[in-house]
Amino acid sequence: MAIENQQTAAAPAQQESTSFFSSVMEFFVPTAHAEAPEESEEPAEEGGDEPAEEEEEEEEEPEDPAPAIREECEQKQCAEHVHHFKHCQEKVEAGNGFPGEDCVEEFFHVLHCVDACAAPKVFKKLA
């Protein structure tokens with residue numbers, strides 16, 4: 001009889017520890033529950049949503065001027081850096097470079113030059 005009382009006493013303690021542990025876990029890792037979809041009393045019209053979709057499709061995104069500005073800077077002001085990068089690429093691809101040589105440094109010079117040239121022009125267009 002005493003063993004049964006200990007087992008029944010241990011079961012609520014185990015449930016309490018489980019619920020305590022669960023509540024602590026829920027505090028740190030909340031559980032997301034999906035909301036039930038709202039049911040409308042009126043049946044939806046099949047043609048009612050189409051004009052709204054067409055209006056959304058008609059709106060065009062403004063063209064991003066940044067790629068054109070960056071390309072212009074690359075061709076004009078950063079032409080010397082681009083030339084060095086292309087020369088390095090040709091040399092490495094031909095196998096005339098040092099063992100393990102890559103053109104990362106030259107590539108970063110091109111990116112730095114293009115960024116320094118294009119950034120003020122892009123931000124001027126945004127204002």
Side-chain angles (χ1 to χ4, degrees):
M1 193 79 164
I3 295 174
E4 290 178 13
N5 289 341
Q6 288 177 354
Q7 289 176 349
T8 55
Q14 187 178 18
Q15 288 177 344
E16 288 178 18
S17 66
T18 304
S19 70
F20 173 74
F21 180 73
S22 296
S23 64
V24 170
M25 286 303 295
E26 287 179 7
F27 178 76
F28 289 110
V29 184
T31 304
H33 299 280
E35 294 180 11
E38 294 181 17
E39 295 183 26
S40 59
E41 294 177 10
E42 300 175 18
E45 295 180 15
E46 293 178 9
D49 292 336
E50 291 178 12
E53 290 177 10
E54 290 177 7
E55 291 175 12
E56 290 177 8
E57 291 176 8
E58 291 176 7
E59 295 177 18
E60 293 182 17
E61 291 288 324
E63 187 177 333
D64 186 12
I69 292 172
R70 291 179 63 84
E71 187 175 330
E72 179 184 336
C73 286
E74 184 179 318
Q75 292 173 356
K76 293 182 179 178
Q77 294 178 341
C78 302
E80 183 178 347
H81 294 290
V82 172
H83 172 73
H84 286 295
F85 175 65
K86 287 182 180 178
H87 175 67
C88 178
Q89 272 187 319
E90 291 169 2
K91 182 174 78 171
V92 169
E93 288 175 0
N96 298 331
F98 298 110
E101 181 179 11
D102 56 12
C103 301
V104 173
E105 184 177 355
E106 288 81 0
F107 180 66
F108 283 135
H109 286 298
V110 171
L111 287 180
H112 179 74
C113 179
V114 169
D115 287 342
C117 169
K121 295 176 183 179
V122 170
F123 284 111
K124 193 178 287 185
K125 292 265 185 177
L126 292 176

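Just so you know, residue 1 is the first one in the sequence shown, and it goes up from there. Everything numeric in this text was worked out from a predicted model, so none of it was measured.
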Next on the checklist: Can you give me the closest heavy-atom contact between V92 and E101, atom names plus distance?
Outcome noted: CG1-O, 3.7 Å
Checklist entry - Atom CG of D102 and atom CD of Q89: how far apart are they, to the nearest 0.5 Å? => result 11.0 Å
Checklist entry - What distance separates C103 SG from K91 NZ, expressed to the nearest 0.5 Å? => result 7.5 Å
Checklist entry - At what distance, to the nearest 0.5 angstrom, does NE2 of H81 lie from CG of L111? => result 11.0 Å
Next on the checklist: For H84 versus E106, what's the shortest heavy-atom pair and its separation?
Outcome noted: O-CG, 4.2 Å
Next on the checklist: Side-chain heavy atoms nearer than 4.5 Å, only ILVMFWY residues, links allowed to pass through others: does that put V114 and F85 together?
Outcome noted: yes
Item to check | Shortest non-hydrogen separation from V82 to E74 and the atoms involved | outcome: CG2-CG, 3.6 Å
Next on the checklist: For A118 versus C73, what's the shortest heavy-atom pair and its separation?
Outcome noted: N-SG, 3.7 Å
Checklist entry - Roughly how far, to the nearest 0.5 Å, is the CD atom of E71 from the NZ atom of K76? => result 11.0 Å
Next on the checklist: Measuring from atom SG of C78 to atom NE2 of H112, what distance do you get when rounded to the nearest 0.5 angstrom?
Outcome noted: 9.5 Å
